[in-house]
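Just the heavy atoms: all of them, side chains too, but no hydrogens, waters or symmetry mates, feed the values below. For this chain, numbers begin at 1 and follow the sequence in order.
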Amino acid sequence: MHKPVVIFTTVLVETSPQALPLGAACVVSSVKNSPLTKDKCNVSLLDFSREDEKYRGKDAYIKITDELLSIQPVALTKPPVAVCFSVYMWNREILTAVCNEIKKRNPHIYCIAGGPEATANPYSMAGFDFAVCGAGEVAVPELLAQLLEDVSVKKMPSVQGVYIPSEKETQPLVRALPPKSEEVSSPYLDGTIDVAKYGGALWELARGCPFKCAYCYESKGEKKIQYFPIERLEKELDLFRKKKIAQVFVLDPTYNADKNRALAMLKLIKSKTPNTFYYFEARAEFIDRPLAKAFASIPCCLQIGLQSADEEVLKKVHRTLNKKLFTKNIGFLNETGAIFGFDLIFALPGDTFQGFCNSIDFALSLYPNNLELFCLAVLPGTALAESAHDLGLTWQDKPPYLVTDNTTFPARDIEKARNLSRAVNIFYTQGRAVPWFLSALKPLKMKASAFFLHFVKYLQENNFDNAGSSAAIAANGEVPEELDIHTIEQAQKAFVSLLYKAHHLESLVPLALDVISFHGALSRCTADGSESTLTLHYHADDLMSEYATDFRFFAANAKPMKCRVRVFMSKYGADYKIL
């Protein structure tokens with residue numbers, strides 16, 4: 001006799017470590033290991049990637065349904081217990097369509113919604129039999145245990161955080177009981193997820209956040225931080241080393257909230273997985289010199305949520321900023337050579353287009369490796385969603401919930417900010433311009449934002465269309481198209497040449513072209529090991545000296561010297577040789 005089947009499924013933006021279905025996998029592990037459900041049902045996890053053309057067309061939901069229902073014994077007359085959906089804003093539409101198609105073919109199959117969209121408002125999950133509000137590790141095994149005992153779907157199950165969407169909302173939402181961190185099963189250690197499939201891992205170190213940023217899902221979540229046991233984390237690191245995975249995205253909203261633990265974890269990472277690249281989220285106000293040195297000692301990048309350089313704007317979304325302290329602590333990262341990037345949000349309440357430009361200028365003055373620029377989204381279930389109307393915001397009522405109008409940041413300025421964000425993303429972040437951007441900007445005597453507004457016009461005049469849009473802007477689940485790095489470099493050189501000539505800086509053009517070409521070759525070599533041979537106007541050693549950071553001084557004192565140079569990967573990293 002076949003055991004009942006429970007299928008967990010979701011649709012991913014792409015097949016990558018960053019998009020790995022960790023939330024669903026954690027609940028799968030809990031069902032596998034809970035005494036309520038262990039050995040009582042067959043549990044499987046199926047994810048579908050929007051990168052696959054098969055799941056991007058109008059009939060994608062049909063193909064997904066076909067695959068889900070082809071699993072044995074789902075195809076038999078005896079129905080499975082449930083299909084559980086992990087629902088995010090980028091997959092809500094397609095997963096709702098899958099749910100409706102399943103119910104159409106077999107109304108006896110229970111469809112259960114979980115994830116951020118269900119947590120925000122379980123009563124909005126029309127078509128689903130149940131919706132889980134909050135973490136699923138405790139609630140889902142309890143719900144499934146009741147369904148295994150043939151509890152009628154018409155009866156509200158006695159499980160905290162579980163709701164029937166078809167019922168009318170009659171009381172304030174209560175979230176599911178959060179699991180204790182020491183009792184959460186690892187989907188990596190029990191084999192639920194094979195990291196090799198995704199090329200890396202999302203690694204959960206803690207849950208909860210002590211901050212209450214109004215626009216974040218965590219604003220209504222647990223304020224107390226629960227750290228996962230070090231013993232578990234060590235075993236997961238051993239697995240990562242065994243699998244030889246290339247990259248790990250660390251899930252901890254404020255990795256360095258506990259400095260001592262952060263230092264201990266960095267030491268552990270260095271000893272166990274020295275060749276794996278890590279991505280962290282960190283708060284600048286908690287960075288000091290020892291922590292900066294520790295970050296610089298391993299292959300990693302920090303993403304830091306600046307969001308805005310205007311302290312008054314940040315107050316409206318329950319954030320703080322001490323610009324002096326922020327600048328000082330970022331200085332420690334630059335001093336040690338640690339790699340870091342910033343996040344900025346446009347259309348925040350109280351902000352203006354000029355304020356957004358000022359934030360870009362402040363951010364780029366600190367030499368970030370990348371700048372991620374987002375349009376504000378009013379996510380259901382967040383503190384911002386409750387006050388957004390009072391703050392003068394208008395936003396999309398369907399995913400991705402982006403702000404479309406703002407009393408201080410009107411629709412026309414939002415479109416300007418979107419174009420400006422795209423220009424920064426192409427030229428600076430995708431174009432890997434951090435080593436030379438401020439040096440190239442200085443002779444023009446203009447602010448970074450003004451430079452990029454000129455680049456917006458250049459992109460429009462040269463028909464770059466929508467290529468190069470940032471992943472943040474493509475929040476609807478479609479994989480954004482990125483420009484080829486060689487195309488970007490040609491655009492950088494052409495644009496800088498035009499701008500320099502327009503400002504009567506023709507004498508600096510050969511130097512600018514050399515700097516862009518040489519650093520571009522080195523960055524490509526670092527990224528993918530590609531070799532190249534360049535012909536430069538100046539000697540390569542001079543271009544790599546500190547004097548080349550001041551274009552006017554360099555051009556006035558360095559003699560042009562035609563130089564052929566080969567860029568290659570050595571055992572110490574990207575290197576070059578004069579030919």
Q) Just wondering, are more than 12 heavy atoms of other shown residues or ligands nearer than 6.0 Å to CE in Met446? A) yes
Q.
For Asn91 and Glu117: C-alpha separation, side-chain torsions, deciding distance, then whether side chain to side chain donor-acceptor pair (under 3.5 Å) applies.
A. CA-CA 10 Å; Asn91 64 22; Glu117 290 289 295; over 6 Å; no
Q) When you check the side-chain N and O atoms of Tyr428 and Asn369, is any donor under 3.5 Å from an acceptor? A) no
Q.
Is it the case that over 12 heavy atoms from other parts of the model lie below 6.0 angstrom from the NE2 atom of His503?
A. yes
Q: Check the surroundings of atom NZ in Lys316: do more than 12 heavy atoms from other residues, nucleotides or ligands lie under 6.0 Å from it?
A: no
Q.
Tell me whether Lys493 at atom NZ has more than 12 heavy atoms from other residues, nucleotides or ligands lying less than 6.0 Å away.
A. yes
Q: Please find out if less than 6.0 Å separates the ring center of Phe240 from that of Tyr188.
A: yes
Q: For Asp528 and Ser530, run side chain to side chain donor-acceptor pair (under 3.5 Å): C-alpha distance rounded to whole Å, both residues' side-chain angles, the deciding distance at 0.1 Å, then the answer.
A: CA-CA 6 Å; Asp528 57 25; Ser530 59; 2.8 Å; yes
Q. Do Lys315 and Thr320 get their side chains close enough for a donor-acceptor pair, meaning under 3.5 Å?
A. no
Q: Mind listing the closest non-hydrogen atom pair of Ala423 and Val456 along with its distance?
A: CB-CG2, 3.6 Å
Q | Check: Asn329/Glu285 side-chain N/O donor and acceptor closer than 3.5 Å | A | no
Q: Check whether the ring centres of Tyr367 and Phe342 lie less than 6.0 Å apart, and answer yes or no.
A: no
Q) What closest approach, in Å, do Ile488 and Gly431 show between heavy atoms, and which atom pair accounts for it? A) CG2-CA, 3.6 Å
Q | Side-chain heavy-atom pair Tyr279, Gln18 within 4.5 angstrom cut-off | A | no
Q: Taking the side chain as every heavy atom from C-beta outward, state whether Leu266 and Phe280 have any pair of such atoms under 4.5 Å apart.
A: yes
Q.
Salt bridge or not between Arg289 and Glu335? Use side-chain N to carboxylate O under 4.0 Å.
A. yes
Q.
Just checking Phe553 against Phe551, ring centres under 6.0 Å apart?
A. no
**Q.** Side-chain touch Trp395/His389, heavy atoms, less than 4.5 angstrom
**A.** yes
Q) Parallel, tilted or perpendicular: which fits the ring planes of Tyr538 and Phe554, with parallel below 30° and perpendicular above 60°? A) perpendicular
Q) Centroid-to-centroid, Tyr278 to Phe249, below 6.0 Å? A) no
**Q.** Charged N-O contact under 4.0 Å between Asp542 and Lys559
**A.** no
Q.
Determine whether the aromatic ring centres of residues Trp203 and Tyr255 are separated by less than 6.0 angstrom.
A. no
Q. With respect to Glu51, which candidate in Thr15, Val13, Leu12 satisfies the side chain to side chain contact (heavy atoms under 4.5 Å, CB included) definition?
A. Thr15
Q. Regarding Thr408 and Asn406, is there a side-chain donor-to-acceptor distance under 3.5 Å anywhere?
A. yes
Q | Distance-only donor-acceptor check, side chains Gln354 and Thr352, under 3.5 Å | A | no
Q) How are the rings of Phe452 and Phe437 set to each other: parallel, tilted or perpendicular (split at 30° and 60°)? A) parallel
Q | Test log, rule salt bridge (Lys or Arg N to Asp or Glu O under 4.0 Å), inputs Arg412 and Glu415 | A | CA-CA 5 Å; Arg412 64 179 181 277; Glu415 185 59 26; over 6 Å; no
Q | Heavy-atom pair with the smallest gap, counting every atom of Leu371 and Ile360 | A | CD2-CG2, 4.4 Å
Q: Decide whether a cation-pi geometry holds between Arg283 and Phe211; the criteria are a distance under 6.0 Å from NZ or CZ to the six-membered ring centre and an angle within 45° of the ring axis.
A: yes
Q: Could you go through the side chain to side chain donor-acceptor pair (under 3.5 Å) check for Gln307 and Asp343 one step at a time?
A: CA-CA 6 Å; Gln307 317 309 4; Asp343 294 335; 4.7 Å; no
